[in-house]
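In listed order, ligands and their atoms are each counted from 1.
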Amino acid sequence: MSDSLPLSRRHFLAGSAASGIAGTALATQSTDASPQLPAARPTFISTWRFGAPANELALKTYQEQGSMLDAIEKGIGLVEADVSNASVGIGGIPNAEGVVQVDACIMSGPDHDAGSVAGVEDILHPISVARKVMEETRHVMLVGDGAKSFALDQGYSTTPLLTDSQKTKWEKWKEKQSVPEIDEQNHDTIAMIGVDSEGNVFGGCSTSGWGYKVPGRVGDSPIIGSGLYVDNEVGGAGATGIGENVMRYCASFMIVEAMRQGLSPQEACEATIERIVRKDSKNAEELAINFIAVNRDGEIGAAGTSKGFQYSVTTAQGTRVDNAKALTDAEIIEGGNR
Ligand code: SD4
């Protein structure tokens with residue numbers, strides 16, 4: 001069984017190309033996994049339903065201020081500040097010691113620059129600190145206490161990220177200490193990719209990671225090429241799900257490289273999932289990996305091994321929240337090699 005990515009385009013998504021971005025307001029959820037929306041620029045695509053208001057803020061920021069990095073930072077910052085979101089920023093599920101440790105990264109396509117922080121405590125906007133790492137240091141990634149000190153040096157203040165309700169849940173968890181599944185309720189990383197009106201590609205990703213993780217555990221989200229990757233010649237991709245199953249494959253990088261070889265964003269997401277599922281000892285469901293992608297033209301794609309994976313896309317025409325195509329083991333095995 002071949003591991004190689006396909007070298008030719010295949011068109012296996014049919015019937016959904018005509019579905020447009022829904023009107024003005026936030027969207028309609030379509031039932032037919034229809035990621036083939038008309039390409040438009042600027043475009044913002046992000047993981048999950050809560051990506052919709054984040055995209056809208058990103059688009060507004062870009063339209064008003066002209067900066068895609070501001071757009072990505074503000075859009076993701078909205079989700080980081082949302083207390084009700086249990087896997088990003090404040091309100092996130094803590095680690096096994098009851099401490100919220102957050103991860104984030106940002107990438108700028110035109111100069112292929114990147115910044116990242118991991119395992120940071122008490123910082124409300126890790127995406128902003130990741131941007132500072134990119135812009136103010138000669139490094140790409142800072143972790144733990146060093147990242148926190150850097151944030152404080154840059155003028156950010158500390159904010160307790162553990163909410164009372166997450167503390168209560170953690171205390172209950174501690175009694176049992178069972179490893180929580182990453183499922184539909186426990187799945188909230190935001191990865192966002194934006195393409196500006198000229199086709200330049202930018203992206204960011206932010207998470208508090210796997211709930212009750214071993215202290216110090218870092219997932220895919222802040223790892224360039226795993227939870228996020230952009231290449232200005234091609235497009236970008238981002239991930240959500242069990243980071244361990246994404247980072248072992250540099251999956252976002254793999255998707256971007258598949259697009260470079262001529263696949264559409266949708267085909268690239270699916271081909272990458274198929275390649276991982278075929279190789280891995282875990283089945284599709286156990287892998288729990290979900291991806292979004294967009295190319296320079298603003299064409300989008302999304303696919304996952306989790307049935308409930310939704311993504312949000314925003315252009316000047318409006319916002320749409322959609323179910324991503326779910327790839328099961330059976331489909332992948334029946335699908336043959338691609
Ligand atoms: C992680 N990928 O830390 C993140 C978690 C996630 O939906 O995306 N949850 O592994």
Atoms of ligand 1 under 4.0 Å from any heavy atom of Gly209, numbered from 1 in the order shown, are 3 (O)

Apart from Leu78 itself, its cluster of hydrophobic side chains linked below 4.5 Å comprises Leu57

Within the 4.0 Å heavy-atom cut-off, what Ala239 brings close to ligand 1 is neither

Applied to residues 131-142, the side-chain hydrogen bond (donor to acceptor under 3.5 Å, both in side chains) test, sequence neighbours excluded, yields Asp70-Arg131, Glu73-Arg131, Arg131-Glu135

For Thr240, the atoms of ligand 1 under 4.0 Å from one of its heavy atoms are 6 (C), 7 (O), 8 (O), 9 (N)

Parallel, tilted or perpendicular: rings of Phe309 and Trp48 (30°, 60°): perpendicular

Non-hydrogen atom of Lys213 closer than 4.0 Å to ligand 1: no

Backbone or side-chain N or O of Arg217 under 3.5 Å from ligand 1 N or O:
yes

- request: State whether the shortest distance between N or O atoms of Gly219 and N or O atoms of ligand 1 falls below 3.5 angstrom.
  value: no

*asked:* Using a plain distance cutoff, I'd like to know if Asp220 has any nitrogen or oxygen under 3.5 Å from a nitrogen or oxygen of ligand 1.
replied: yes

Counting from 1 in the order shown, the ligand 1 atoms closer than 4.0 Å to a non-hydrogen atom of Ser221 are 2 (N), 4 (C)

message: Looking at Lys174 and Glu97, would you say the former's side chain and the latter's main chain have a donor-acceptor pair under 3.5 Å?
response: no

Could you tell me whether Ile242 and ligand 1 have an N or O pair separated by under 3.5 Å? no

Q) Can you tell me if Ser116 uses its side chain to pair, donor with acceptor, with the backbone of Pro222 under 3.5 Å? A) yes

Under 3.5 Å, is there a donor on one side chain and an acceptor on the other for Thr240 and Thr47?
no

*Ser87 heavy atom under 4.0 Å from ligand 1*: no

Query raised in the report: Would you say Gln266's side chain and Ala302's backbone share a donor-acceptor pair under 3.5 angstrom?
Result: yes

Q.
Could you tell me if Glu257 and Gln261 have a donor-acceptor pair between their side chains, going purely by distance under 3.5 Å?
A. no

Taking both backbone and side-chain atoms of Glu244, is any N or O found less than 3.5 Å from an N or O belonging to ligand 1? no

